[in-house]
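Counting starts at 1 for both ligands and their atoms, in listed order.
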Amino acid sequence: MPDRSPSILLGVTGSIAAYKSLDLIRRLEGEGISVRVVATRNALPFFPVLPAEVFSGHPVETDLFNPRRPREEGGGRVSHLALLDKSDAVLVAPASADFIARMALGLADDLLSTLLLSATVPVLIAPAMEEAMYHHPASTGHRKTLLERGVVEIPPEAGPLASGKSGLGRMAPVDRILEALLPVLRTVRPPDGPLSGLSVLISTGPTREPIDAVRYIGNASSGRMGNALARAAQARGARVTLVSGPTDLPPPPGCDLHRVTTAREMQETLESLFPSHQLLIMAAAVSDYRMKDPVTGKRKKDGREWTLSLVENPDILKGLAARKRPGQFLVGFAAESSLDPSLLLEKCRHKKVDLLVANDISRADIGFSSPDNEVVLVTPSGEFRTLPRADKSAIAGQILDAVVAGGWPGHPAPFQENADGHSRP
Ligand code: C5P
């Protein structure tokens with residue numbers, strides 16, 4: 001059971017929208033979330049400090065070195081980490097263009113930027129700036145950098161701006177900020193659920209195998225199914241580690257994210273993480289082949305045929321199955337052009353997985369880049385179950401429920417080996 005209420009660190013930076021942060025603090029406190037505020041110097045002209053202190057019940061912090069701060073909270077010395085210790089997430093609202101740039105660059109020249117450089121909890125930003133600043137390639141690039149690091153953006157909305165113009169750039173309304181933040185807090189402090197206390201490792205997305213400096217062998221996997229599985233596992237109380245090939249999708253907040261490119265990088269990462277997880281779901285579309293000798297630099301056109309020589313990649317799942325310990329459960333995926341039951345059963349047994357999730361790639365309405373899927377679940381003892389077409393979130397939930405229930409005739413319930421209902425290595 002949680003030993004304290006959820007807490008966030010609210011960063012307020014230099015934007016006219018800083019006056020709205022007061023309402024945000026009240027609403028957060030109303031949701032039972034305790035708030036510590038750190039404001040940058042540029043925020044202060046816009047930010048009503050005293051009311052914020054009254055509503056949050058804590059001083060608004062601005063200085064890296066604050067002798068007035070209690071010693072156990074880092075007072076009297078240059079210690080910023082204490083403010084993070086009790087925070088489940090950091091929300092920067094409003095996040096000015098300047099502050100977003102400083103975050104992206106990893107600067108640490110004031111209290112808020114220093115805290116963010118040390119933060120290991122989820123970070124959310126609610127940008128607020130003039131439209132031209134928002135769309136400037138520099139700002140776009142900085143936001144992209146942050147998104148790639150797992151920062152969640154709560155996009156601004158259109159309307160009247162401080163300049164008197166109208167356009168995109170107003171900080172998202174408080175309701176939308178809460179809509180984004182509350183699920184993140186639920187994942188950091190997971191709800192009680194059938195996977196509480198368990199660690200789930202999920203691979204997702206495609207892999208890319210370089211042909212030369214600019215070309216690669218890839219596939220059409222979007223990463224949606226893996227992300228949906230991550231969310232479904234979090235919603236059931238699990239801690240989730242996501243190993244993702246290159247995708248454009250933002251990872252679900254609250255996951256421990258590991259980005260990889262090639263199959264061999266994915267293999268190395270999964271092999272090191274697998275021993276500390278109880279459930280592995282191998283949803284990634286791993287390239288079966290890589291270049292025997294990738295070309296150095298970019299190969300130039302020379303009017304002649306170009307024959308590529310490929311070698312097989314290791315079968316990551318099979319390798320992990322061979323290292324499986326009692327209490328670990330493996331789910332594999334299979335993208336097939338026909339769902340012949342005997343071939344699926346053969347694959348399930350050959351791969352030594354506890355559950356195979358097969359989908360039919362000959363159908364355009366489901367699978368790879370589609371929001372929907374329809375799958376057949378197969379167990380090594382020969383049980384089959386079709387999960388009819390639904391969006392990937394619904395399918396992900398049903399896959400996890402099937403794993404949790406272990407309701408397969410002749411198949412032991414995977415997580416019910418111990419008295420507490422969870423199997424552990
Ligand atoms: O053999 P096939 O590619 O159909 O198997 C699919 C399953 O095996 C998926 O779970 C996929 O992530 C995994 N796989 C793997 N390593 C490979 C190829 C596939 O782990 N080299």
Side-chain angles (χ1 to χ4, degrees), residues 200-210 216-230 232-233 240-247 258-275 277 279-292 310-324 328-363 366-369 373 375-380 387 392 395-396 399-400 402-403 414:
V200 177
L201 179 59
I202 299 174
S203 72
T204 187
T207 61
R208 277 184 193 168
E209 309 298 330
Y216 58 81
I217 301 167
N219 61 65
S221 168
S222 64
R224 279 204 196 117
M225 194 64 226
N227 278 14
L229 285 160
V240 176
T241 307
L242 194 63
V243 177
S244 176
T247 73
H258 298 252
R259 286 195 188 273
V260 296
T261 304
T262 65
R264 285 189 297 175
E265 283 168 21
M266 184 170 274
Q267 178 186 34
E268 203 177 300
T269 307
L270 288 171
E271 283 180 356
S272 73
L273 292 166
F274 183 55
H277 292 75
L279 171 61
L280 167 74
I281 307 180
M282 190 75 203
V286 182
S287 172
D288 288 325
Y289 293 93
R290 67 174 186 277
M291 283 282 282
K292 190 164 177 224
L310 305 179
V311 291
E312 261 192 40
N313 267 329
D315 189 321
I316 305 173
L317 186 54
K318 243 178 108 187
L320 293 172
R323 299 160 177 230
K324 187 180 128 171
Q328 287 185 306
F329 193 87
L330 260 63
V331 179
F333 270 67
E336 303 290 339
S337 33
S338 118
L339 298 185
D340 176 340
S342 58
L343 291 182
L344 293 183
L345 184 56
E346 155 63 21
K347 177 168 267 189
C348 180
R349 289 179 178 162
H350 174 73
K351 293 254 179 186
K352 294 195 167 43
V353 291
D354 300 294
L355 182 67
L356 187 74
V357 181
N359 63 297
D360 183 347
I361 52 164
S362 66
R363 282 175 54 180
I366 54 168
F368 269 160
S369 293
N373 215 349
V375 299
V376 177
L377 306 186
V378 186
T379 67
L387 304 181
K392 285 180 175 168
I395 295 285
I399 293 170
L400 282 167
V403 172

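- No more than 12 heavy atoms of other residues, nucleotides or ligands shown are found within 6.0 angstrom of CZ on Arg264.
- For ligand 1, the polar-atom distance check against Ile316 finds a nitrogen or oxygen pair separated by under 3.5 Å.
- In Ser203, neither the side chain nor the backbone holds a heavy atom less than 4.0 Å from any atom of ligand 1.
- Of all atoms in ligand 1, numbered sequentially from 1 with element shown, those under 4.0 Å from a heavy atom of Pro314 are 16 (N), 17 (C), 21 (N).
- Applying the 4.0 Å criterion to heavy atoms of Phe333 picks out, from ligand 1, the atoms 5 (O), 6 (C), 7 (C), 9 (C), 10 (O).
- Of all atoms in ligand 1, listed by their number and element, those nearer than 4.0 Å to a heavy atom of Gly332 are 10 (O).
- Within the 4.5 Å cutoff, no side-chain heavy atoms of Val357 are placed close to those of Leu387.
- In summary, the atoms of ligand 1 found under 4.0 Å from a heavy atom of Asp315, numbered by their order in the structure, are 15 (C), 16 (N), 17 (C), 20 (O), 21 (N).
- The protein heavy-atom contact nearest to atom 12 (O) of ligand 1 is Ala284 O, 2.6 Å.
- Thr207 places no side-chain N or O within 3.5 Å of a backbone atom of Thr261 that could act as its donor or acceptor partner.
- With respect to atom 1 (O) of ligand 1, the closest heavy atom belonging to the protein is Lys351 NZ, 3.0 Å.
- Taking CG from Leu242 and CG from Asn227, the interatomic distance works out to 6.0 Å, rounded to the nearest 0.5 Å.
- For the pair Met282 and ligand 1, the shortest N or O to N or O distance falls below 3.5 Å.
- Counting protein heavy atoms only, atom 20 (O) of ligand 1 is closest to Leu317 N, 2.8 Å.
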